[in-house]
Amino acid sequence: MCENHRPAPPWAPDGPDALAGRPLTVADVLALPVLAAGRPRVVTGEGRLGRPVRWVHITELTDPATFLKGGELVLTTGMPLPEDAASVRRYVDELADIGAAALVIELVRRYHRPPDALVHACRTRGLPLVTLAEDVNFLEVTQVVHARILGDQADAMRRTQRIHEAFTALTLRGAGTQDVVRAAAEMSGHTVVLENLVHQALICEPSGGTVEEALTGWEQRSRATPPGDHPEVRGPEGWLVAPVAYQGERWGRVAMLPAPSGDPASGAATAFGPEDVTVLERTAMALTIARLIHHLPWERTAHRNALRYLAEQRHRSPEDARARFAALGLPTDPGRFLAVLMDLRPDADGSPEEDGAGPETRVAQELRTAGIPALVGALAPGRLGLLLALRPSQPWRPAVERLSRLAFGLDPEAVVSVGSEVTDLSDAARSFREAARVAEATLPGQPLPADRSFHELSDIGLRRLLYALREDTRIQSFAERQLGRLIDHDTRHRTDLLTTLRHYLDAAGNKTAAARRGGLSRETLYQRLRAVERLLDCDLESAEQRIELQVALAALDVLRAR
């Protein structure tokens, strides 16, 4: 078989782009054509072929470690190799102690199979031993590998420069914490999490996995990962972590997680390269600057993001939603969840939110005082969203009454709307949709029920339903089709037949009561009602037509109230 069609050895990289963005390894060097021509065979250390190769060193000395610094692939013909086993062990020990990447011996001149003492010593020290069955030009090997290493270093410098430029651009445009963490995840291809000092995951940007995989059991896993003063791999899962601090004060920590398929026991430290460290360093710096520029606490930002995530039903699974909620330190045990919306005038409270005295912060403080776990965040200008996490036996109405009193203290014209309870966190979006429908159906100045200070689904009657649908052209067309000719007649002739019709319908068709309501004689009322019937081509004695006109009048009222 032609040499060019030999099957790839098991250590060969997976494709032409497999080397991009990572150091050259022993396996990569063995797969290069210049060395593959020697028919390399891995005798020991096959599980360590992922070691990075910093340089290639040709030696025929019995003490080559004197000239090494670590990370070298050592090439030898075996000519100076000692005869006795003790000297062979010393030779291998020196290579292993200095950190040589591998030993490659040519079986052409002195040996035709590797000496047993050499094999035993390399296996004992975990040093990869590779034999070459064919003559190889070692000088050519060094030229090819060194050119590759230098080229990779130049590429790495360019990639590092692009990382610095990307984070500089983020900082100059005043990017927030979410943007910074998302950029870090995109650049590194790893999941990145920002946590506070009590190990609550405030922002999670998954990459190559799910939020559920990243955040399940977060606090316990994070506490098992000790802090450090600079970016480094730490903890049983091999997280790459870096503190986020300013002038000696720590604000939190950013963590980059290994790929989900990685096996931490097999050496998680190799899951990250120098560029990942650079990304995490710049992420920590950019987060510090974002914290200084945007005074809103990270926790408030995290609650806003999580609230929108749940309200817009962006979770991939119920487990995903629970993991995100629990990572913020909120309960996900069986209970009840309730969505509440507070609509406030944007200028109702003069305190800016970023000063820690705005409505969002004050509502969150009120809930903490009441001992009610909740997410609180702005969903839109003038609208606060709340998701209350209630115990199974805890009544929700007293809690909402307390929030309503606070809302009216912030804005006397506030509107507080409530959805229905849900028992699964992943159904929170339904409760928010219902609360939004209640808010949409609340007319300006809508009086509150006598027994409470908030609005709920049961309050939506015909008039409020029509108000919620007031933008629908079908409602507008119906009102115009039913009453347009009567309104036009009143406008042209300065009559008030529409008011007469309203009195008649409000009196449920009782003409005596209608005449009294309008201050009219019965004969005048009869004349006006006949004029209404003629103009609208209807029969006011028909109950169905009276209902249609009653609905049209209600629609007209809400359309004129806009």
Less than 4.5 Å apart, side chain to side chain, heavy atoms only: is that true for T124 and R89? no
Would you mind checking if E83 and R110 are paired as a salt bridge, meaning a charged N to carboxylate O distance below 4.0 Å? yes
For R250, side-chain contact (heavy atoms from CB on, under 4.5 Å) partners two or more places apart: L197, P227, D229, P243, A245
Checking E237 against T225: is there a side-chain donor and acceptor pair closer than 3.5 Å? no
Please report the closest heavy-atom contact between V53 and T25, naming both atoms and the distance. CG2-C, 3.6 Å
How many angstroms lie between atom CE of M79 and atom CD of E106, to the nearest 0.5 angstrom? 10.5 Å
I want to check something: taking the side chain as every heavy atom from C-beta on, are L73 and L75 in contact at a cut-off of under 4.5 Å? yes
Using the side-chain contact (heavy atoms from CB on, under 4.5 Å) rule, take D320 and F325 through it: C-alpha gap first, then chi angles, then the decisive distance, then the call. CA-CA 9 Å; D320 190 349; F325 203 71; over 6 Å; no
NZ or CZ of R291 within 45° of Y246 ring axis and under 6.0 Å: no
Considering only heavy atoms from C-beta outward, does the side chain of L403 approach that of L388 to under 4.5 Å? yes
Show your reasoning for whether side chain to side chain donor-acceptor pair (under 3.5 Å) applies to R253 and S222. CA-CA 10 Å; R253 179 169 70 169; S222 176; 3.0 Å; yes
Verify whether one side chain among E60 and T76 offers a donor that lies under 3.5 Å from an acceptor in the other. yes
Set of residues satisfying side chain to side chain donor-acceptor pair (under 3.5 Å) with respect to Q178, sequence neighbours excluded: E205, N305
Enumerate the ring-ring contact (aromatic ring centres under 6.0 Å, His included) contacts for residues 180-231, please, sequence neighbours excluded, ordered by first and then second residue. H190-F272, W218-W239
Cationic N near anionic O, under 4.0 Å, E219 to R223: yes
Keeping to residues at least two apart or across chains, list the salt bridge (Lys or Arg N to Asp or Glu O under 4.0 Å) pairs with something in residues 160-175. none
Quick one: list whatever passes ring pair (Phe, Tyr, Trp, His ring centres under 6.0 Å) with H146, sequence neighbours left out. W55
Taking E360 first and then R304, would you say they form a salt bridge - that is, a charged N and a carboxylate O separated by under 4.0 Å? yes
L338 and L387, any side-chain heavy atoms less than 4.5 Å apart: no
Those residues that, when tested against R322, pass salt bridge (Lys or Arg N to Asp or Glu O under 4.0 Å) (two or more places apart): E319, D424
L68 and P64: which non-hydrogen atoms are nearest, and at how many Å? CG-O, 3.4 Å
What closest approach, in Å, do A133 and V108 show between heavy atoms, and which atom pair accounts for it? O-CG2, 4.1 Å
Correct closest heavy-atom pair for A175 and D179 would be CB-CB, 3.9 Å
Least distance between heavy atoms, T361 atom then R300 atom: OG1-CD, 3.9 Å
Supply the atom-to-atom distance M285 CE to T168 OG1, rounded to the nearest 0.5 angstrom. 8.0 Å
So which atom in A364 and which in V376 form the shortest heavy-atom distance, rounded to 0.1 Å? CA-CG2, 4.2 Å
Interatomic distance, M342 atom CE to L379 atom CG [nearest 0.5 angstrom]: 12.0 Å
Do L32 and R148 have side chains that get closer than 4.5 Å, going by heavy atoms? yes
